[in-house]
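Start at 1 and go down the list; that is how both ligands and their atoms are numbered.
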Amino acid sequence: MSHLSVHVPLDGGRAYDILIGRGLVDAVGAQAAALGAKAAGIVTDETVAALYGERIRASLEQAGLRCGIIAVPPGEASKSYACYAAVCDRLLELRIERGDLVVALGGGVVGDLAGFAAATLRRGVRFLQVPTTLLAQVDSSVGGKTGINSPHGKNLIGAFHQPRLVLADTAALDTLVEREMRAGYAEVAKYGLIADPGFFDWCEANWRGIFSGGPERDEAVAICCRAKAGVVVRDEREDGERALLNLGHTFGHALERLTHYESARLVHGEGVAIGLALAFRFSARLGLCSGQEAGRVANHLAMAGLPTRLQDVPGGSGDAESILDAMAQDKKVRDGALTFILARGIGQSFIAPGIGRDDVRAFLQDELRG
Ligand SMILES: NC(=O)c1ccc[n+]([C@@H]2O[C@H](COP(=O)([O-])OP(=O)(O)OC[C@H]3O[C@@H](n4cnc5c(N)ncnc54)[C@H](O)[C@@H]3O)[C@@H](O)[C@H]2O)c1
């Protein structure tokens with residue numbers, strides 16, 4: 001089985017590899033056995049369990065591990081206190097010990113939930129990420145951020161807990177619905193926009209191959225993971241540079257909040273796509289980058305089928321004031337001033353603290369007048 005590999009060289013014995021390629025789901029057992037685990041608790045959602053659960057179970061059992069599957073309902077609502085408690089209790093029933101493994105099989109929801117359960121169960125159990133959405137393969141499975149939502153907001157309860165290994169089976173994306181593929185693609189394009197203009201050019205030329213499952217898909221996942229790994233190694237706990245990965249997310253999270261995390265209206269990557277387009281148009285308005293570049297960003301996202309305007313949110317996004325209030329709930333707010341990730345051009349993003357509410361309000365009002 002040929003695959004690509006990206007190393008995440010964290011210190012303190014926490015370095016790990018990300019393996020990327022078609023068919024890696026069947027390698028989970030051998031990899032888990034090589035780590036010396038005797039048992040594995042597979043945490044997944046019901047949709048992914050039906051597609052890949054038994055293959056992973058067979059792979060683990062063939063490698064001599066005892067295992068059990070814990071399937072939560074699909075969707076953001078499973079990143080809850082109730083699901084977290086149920087998953088932990090089931091892992092304890094399965095007698096998962098510190099030398100064993102939690103296997104997070106699914107998208108970012110399962111990765112965050114299972115990762116947080118692994119971080120806290122017995123004060124920390126090792127875990128494997130087996131991401132099955134494009135978003136999870138290029139973003140959420142790498143870097144060790146785990147957590148659940150509180151009624152006060154998204155990802156407010158969590159821990160940093162790095163996986164022991166990431167197995168990104170790019171063939172698993174063949175069963176993903178087109179909308180989720182597109183949503184993940186927003187995060188792919190994001191890496192070009194943050195710091196790699198050459199990769200954005202490459203995306204414009206090759207995005208169709210990522211969607212259709214050509215070799216471009218594996219290549220794109222590897223490029224994104226390499227970029228993310230670099231940032232994480234330099235700034236694991238987001239004291240600085242890691243915040244750049246939030247390009248588009250301050251707007252995006254606000255829109256997710258205003259649509260009550262209802263995936264029928266907006267999924268995370270769609271919020272990010274609108275947020276990326278807004279971040280570039282806001283940058284252009286502040287005179288930081290050209291309107292032409294902001295237009296190029298929005299055109300590419302729209303070409304890939306992604307929303308790019310507040311008016312694209314089904315049912316509406318709310319007025320400027322409610323978007324501002326929703327942004328103020330974000331973790332990236334200090335003393336009322338907002339921190340944005342803005343850009344001086346494609347691939348030239350930077351952290352811009354202290355952006356005043358009035359500037360943002362005026363911009364949003366103009367966008368809504370659109
Ligand atoms: N920890 C991080 O660093 C980080 C980074 C970005 C996003 N996130 C989190 O990730 C979550 C979003 O993740 P997501 O977009 O992967 O959503 P998701 O986990 O909800 O998956 C999307 C949908 O796709 C289905 N699915 C998954 N894999 C499939 C497959 N191979 N075939 C068919 N269907 C499949 C799922 O059942 C679900 O319905 C959010 O909660 C977000 O906060 C975390």
Side-chain angles (χ1 to χ4, degrees), residues 8 22 24-25 43-53 55-56 71-80 83-84 104-116 118-119 127 129-150 153-163 166-188 190-191 213 217 224-225 228-229 231-232 236-238 242-243 245-249 252-253 256-257 261-264 266-273 275 330-331:
V8 189
R22 297 185 76 85
L24 282 169
V25 157
V43 182
T44 186
D45 72 31
E46 285 152 7
T47 305
V48 180
L51 290 162
Y52 303 105
R55 261 172 75 190
I56 292 228
V72 300
E76 187 70 29
S78 286
K79 275 172 63 174
S80 66
C83 264
Y84 162 70
L105 168 71
V109 164
V110 159
D112 283 8
L113 172 70
F116 185 51
F127 85 116
Q129 286 274 17
V130 186
T132 62
T133 64
L134 181 58
L135 180 136
Q137 295 192 350
V138 300
D139 191 1
S140 60
S141 66
V142 177
K145 276 193 188 176
T146 71
I148 57 172
N149 303 328
S150 143
K154 221 172 122 82
N155 300 329
L156 292 179
I157 313 296
F160 284 94
H161 187 52
Q162 297 290 344
V166 181
L167 292 167
D169 185 339
T170 47
L173 305 185
D174 293 346
T175 52
L176 204 57
V177 296
E178 183 82 10
R179 183 176 174 210
E180 292 293 351
M181 195 69 192
R182 286 198 291 262
Y185 182 71
E187 302 278 3
V188 172
K190 182 190 78 174
Y191 286 101
R217 183 185 282 173
C224 296
C225 286
K228 177 142 189 190
V231 172
V232 166
E236 189 179 355
R237 294 194 162 242
E238 201 170 314
R242 187 164 180 173
L245 297 173
N246 294 321
L247 179 63
H249 283 61
H253 280 161
E256 281 187 276
R257 197 178 159 80
Y261 306 101
E262 284 168 27
S263 58
L266 198 74
V267 295
H268 178 74
E270 291 168 341
V272 170
D330 208 284
K331 295 190 289 301

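- Look at G269 and you'll find every heavy atom at least 4.0 Å from all atoms of ligand 1.
- Between the side chains of Y52 and T44, no donor-acceptor pair is found at a separation under 3.5 Å.
- Near Y52, meaning under 4.0 Å from any of its heavy atoms, are these atoms of ligand 1: 31 (N).
- Counting only heavy atoms of the protein, atom 29 (C) of ligand 1 lies nearest to L176 CD1, 3.5 Å.
- Polar contact check, V48 against ligand 1: no nitrogen or oxygen pair lies under 3.5 Å apart.
- The shortest contact between atom 9 (C) of ligand 1 and any protein heavy atom is with D112 OD2, 3.4 Å.
- Scanning all protein heavy atoms for the shortest distance to atom 12 (C) of ligand 1 gives L135 CD2, 3.9 Å.
- Side-chain atoms of D45 come within 3.5 Å of backbone N or O of V48 as a donor-acceptor pair.
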| task | Apply side chain to side chain contact (heavy atoms under 4.5 Å, CB included) to H253 and R257, showing your working. | result | CA-CA 6 Å; H253 280 161; R257 197 178 159 80; over 6 Å; no
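- In this structure, of A50, S140, G106, the residue bringing a heavy atom nearest to atom 2 (C) of ligand 1 is S140.
- Using a 4.0 Å cut-off to heavy atoms of L51, the atoms of ligand 1 that qualify are 32 (N), 33 (C).
- Close approach of ligand 1 to N155 (heavy-atom distance below 4.0 Å) involves ligand atoms 43 (O).
- Side-chain atoms of Q137 come within 3.5 Å of backbone N or O of D169 as a donor-acceptor pair.
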| Between R22 and D174, is a side chain to side chain contact (heavy atoms under 4.5 Å, CB included) present by the stated rule, with each step listed? | CA-CA 10 Å; R22 297 185 76 85; D174 293 346; 2.5 Å; yes
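- Counted by atom type alone, E187 and H268 present one or more donor-acceptor pairs between their side chains at under 3.5 Å.
- With K228 contributing its side chain and D139 its backbone, the two residues share a donor-acceptor pair below 3.5 Å.
- Aromatic ring orientation, F127 versus H161: parallel (interplanar angle below 30°, classes split at 30° and 60°).
- In this structure a side-chain-to-backbone donor-acceptor pair under 3.5 Å is present from R217 to T170.
- Contact analysis puts K154 in contact with ligand 1, with a non-hydrogen atom separation below 4.0 angstrom.
- Residue D139 has no N or O atom closer than 3.5 Å to an N or O atom of ligand 1.
- Near A172, meaning under 4.0 Å from any of its heavy atoms, are these atoms of ligand 1: 30 (C), 31 (N).
- Side-chain atoms of Q162 come within 3.5 Å of backbone N or O of G143 as a donor-acceptor pair.
- At distances below 3.5 Å, at least one donor-acceptor pair connects side-chain atoms of N149 with backbone N or O atoms of N155.
- When only interatomic distances are considered, the shortest N/O to N/O separation between G108 and ligand 1 falls below 3.5 Å.
- Heavy-atom proximity to T175, at under 4.0 Å, picks out these atoms of ligand 1: 30 (C), 31 (N), 32 (N), 33 (C).
- Counting only heavy atoms of the protein, atom 21 (O) of ligand 1 lies nearest to T133 CG2, 3.6 Å.
- Between the side chain of R242 and the main chain of V232, no donor-acceptor pair closer than 3.5 Å is present.
- Near P74, with a cut-off below 4.0 Å to any heavy atom, the atoms of ligand 1 are 37 (O), 39 (O).
- Heavy-atom contacts of K145 reach the following atoms of ligand 1: 1 (N), 3 (O) (cutoff under 4.0 Å).
- Here K79 has side-chain heavy atoms under 4.0 Å from ligand 1, and that is the only part of it that gets that close.
- Checking D45, T132, L245 against atom 36 (C) of ligand 1, the nearest heavy atom belongs to D45.
- Ligand 1 has K228 within reach: a non-hydrogen atom of the residue lies less than 4.0 Å from it.
- The nearest protein atom to atom 18 (P) of ligand 1, hydrogens excluded, is given as V109 CG2, 3.9 Å; this is a heavy-atom distance.
- Heavy-atom proximity to E76, at under 4.0 Å, picks out these atoms of ligand 1: 40 (C), 41 (O).
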| query | Hey, mind stepping through I148 and L113 against side chain to side chain contact (heavy atoms under 4.5 Å, CB included) and telling me if it holds? | reply | CA-CA 6 Å; I148 57 172; L113 172 70; 3.9 Å; yes
